[in-house]
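Report on the following structure.
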Amino acid sequence: MFFTNIQRITRSGFVGFKRNGWLSTATILVMVLMLFVIGNLIFMGALAGVILASFESKVDISVYFLPDAPEETIVSIKNEVETLPDVRDVAYISRDQALEIFRARHSTNQLITAALEEIGENPLQASINIRAKNPSRYAAISDFLLNKNYKEIDKINYFENQQVIDRMGAIFKTIRGSGAFLAFFLTFITILVTFNTIRLAIYTMREEIGIMRLVGATKWFIRGPFVVSGILYGAAAALITLMIFFPLVWLISPRLAILVPEFNIFQYFLNNLFAFSLLLFGGGITIGVISSLIAIRRYLQV
């Protein structure tokens, strides 16, 4: 008897879903928009994480020395920095090496070559490039160098790089925050639209509901079809959203790879397809059920 009732409730839910065709379509489209925004937030978060990690992996500390700094002193400082537990490696670039690298990099620029010849001396500084084992430890290494107060050091360029990373992080955080606000707003609109769709369905079926009451139908036998309709709205919206994302991500992937080679968005989508689908279906169905329960509690007194 229990399974028979479940079957009848489910069938009635499908009938109600089809009966209110235009309202069901509008509800599903609003749900699709909400789920699409949530899906984009997930991709945005993954992309932001890859971009920031890529920048952090390329960051190092370049310490530039005064032109008259003795090479022995620079090598001594290099050796001292190498003993720090947070340091992975330290590369020393002398003034002559820096000039050779600069000439090779700008060999096709006749103006720069002529300017170097006119100066007649090496204008570049010796430097050491420090790479940390963990990007989060660069600040500690910079503090160590500042606290030592080496007179031979002219400048440390880590702080400029860190400002760029912090600003990028703030931009991504703002984008994610704005997206989250939009997702919450659309969720509210979706609940409101689904709520009104179920309310109209209850009104449309008021005579049938009255007959079911007269013949002694149980409370959940009357309410169940509307919950089923809510589940169908959410499931249909999640399926449509998934069908939109699949070709869209496939088309975007090669273009995004040009800008961010480290991130293959299509491969990320395939690798997380199960979790992504679970989130869409779970979110859609949950919103549908919650909206249905609110409408039933408000307008279906049985």
Query - Test item: F281 and L239 side chains (from C-beta on) under 4.5 Å apart, heavy atoms - result: yes
Query raised in the report: What about the rings of F276 and F43, do their centers lie closer together than 6.0 Å?
Result: yes
Query - Taking every non-hydrogen atom, the tightest pair across S277 and L242 - result: OG-CD2, 3.4 Å
Report task. Find the distance between CD1 (I77) and OH (Y92) and round it off to the nearest 0.5 Å. Result -> 10.5 Å
Query raised in the report: At their closest point, which heavy atom of K151 faces which heavy atom of L66, and how far apart are they?
Result: O-CD1, 3.3 Å
Requested in this report: Give the cluster check for F188 versus V193: same hydrophobic cluster or not, with ILVMFWY residues linked at side-chain heavy-atom distances below 4.5 Å.
Outcome: yes
Report task. Side-chain contact test, heavy atoms from C-beta onward, threshold under 4.5 Å: evaluate it for I198 versus S291 and give yes or no. Result -> no
Query - Atom CD of Q97: over 12 foreign heavy atoms under 6.0 Å - result: yes
Report task. Carefully, step by step, assess Y64 and I153 under the rule side-chain contact (heavy atoms from CB on, under 4.5 Å). Result -> CA-CA 6 Å; Y64 294 94; I153 292 179; over 6 Å; no
Query - Inter-residue atom distance I285.CD1 - S292.OG, 0.5 Å rounding - result: 11.5 Å
Query raised in the report: Do M31 and L192 sit in the same hydrophobic cluster, where Ile, Leu, Val, Met, Phe, Trp and Tyr count as joined when their side-chain heavy atoms come under 4.5 Å apart?
Result: no
Query raised in the report: Got a sec: does the CZ of F144 have more than 12 other heavy atoms crowding it under 6.0 Å?
Result: yes
**Report entry** Minimum-distance pair of heavy atoms, taken over all atoms of P67 and Q125
**Finding:** CD-NE2, 4.5 Å
**Report entry** Minimal non-hydrogen separation, A236 against I28, with atom names
**Finding:** CB-CD1, 3.7 Å
Report summary line: Here the pair of heavy atoms bringing A237 nearest to T241 is O-OG1, 2.7 Å
Query raised in the report: Are any non-hydrogen side-chain atoms of Y268 and I42 less than 4.5 angstrom apart?
Result: yes
**Report entry** From CA spacing to verdict: side-chain contact (heavy atoms from CB on, under 4.5 Å), Y150, V63
**Finding:** CA-CA 11 Å; Y150 294 111; V63 182; over 6 Å; no
**Report entry** Spatial distance of atom OG1 (T190) from atom CZ (F185) [nearest 0.5 Å]
**Finding:** 10.0 Å
Query raised in the report: Between CG of L278 and CG of N272, what distance do you get to the nearest 0.5 Å?
Result: 12.0 Å
Query raised in the report: Just by distance, do the side chain of R95 and the backbone of A126 share a donor-acceptor pair under 3.5 Å?
Result: no
Run the side-chain donor-acceptor check on residues 248-261: report pairs under 3.5 Å with partners two or more places apart or on a different chain.
| from | atom 1 | to | atom 2 | distance (Å) |
| --- | --- | --- | --- | --- |
| S253 | OG | N264 | OD1 | 3.2 |
| R255 | NH1 | L251 | O | 2.8 |

Query raised in the report: Within a strict 4.5 Å, meaning less than it, do heavy atoms of the I74 and E152 side chains meet?
Result: no
**Report entry** Close side-chain approach of N79 to T83, heavy-atom, < 4.5 Å
**Finding:** no
Report summary line: Value for CD (E71) from CZ (F65), rounded to nearest 0.5 Å, stands at 11.0 Å
Requested in this report: Just grab all the side chain to side chain donor-acceptor pair (under 3.5 Å) pairs involving residues 25-36, residues at least two apart or on different chains.
Outcome: T27-T197
Query raised in the report: Can you list every pair that meets salt bridge (charged side-chain N to carboxylate O under 4.0 Å, His left out) and has a residue in residues 72-83, with sequence neighbours left out?
Result: K78-E82, E80-K148
Query raised in the report: If you group Ile, Leu, Val, Met, Phe, Trp and Tyr by side-chain heavy-atom gaps below 4.5 Å, do L41 and F269 land in one group?
Result: no
Report summary line: In terms of heavy-atom contacts, A98 and I93 come closest through N-CG2, 3.7 Å
Query raised in the report: Between T286 and I290, does a side-chain contact (heavy atoms from CB on, under 4.5 Å) hold up when you go through it step by step?
Result: CA-CA 6 Å; T286 300; I290 289 174; 3.6 Å; yes
Query raised in the report: Out of curiosity, does L279 fall in the hydrophobic cluster containing I287 (side-chain heavy atoms, cut-off under 4.5 Å, transitive links)?
Result: yes
**Report entry** hydrophobic_cluster_shared for F245 and M243, side chain cutoff 4.5 Å
**Finding:** yes
Report task. Mind checking the CG-CD1 spacing from L280 to I240? Nearest 0.5 Å is all I need. Result -> 12.0 Å
Report task. Check the pair F246, F266 against side-chain contact (heavy atoms from CB on, under 4.5 Å), reporting the backbone distance first and the verdict last. Result -> CA-CA 8 Å; F246 203 95; F266 187 64; 4.2 Å; yes
Query raised in the report: Does L47 reach the side chain of I265, with side-chain heavy atoms less than 4.5 Å apart?
Result: no
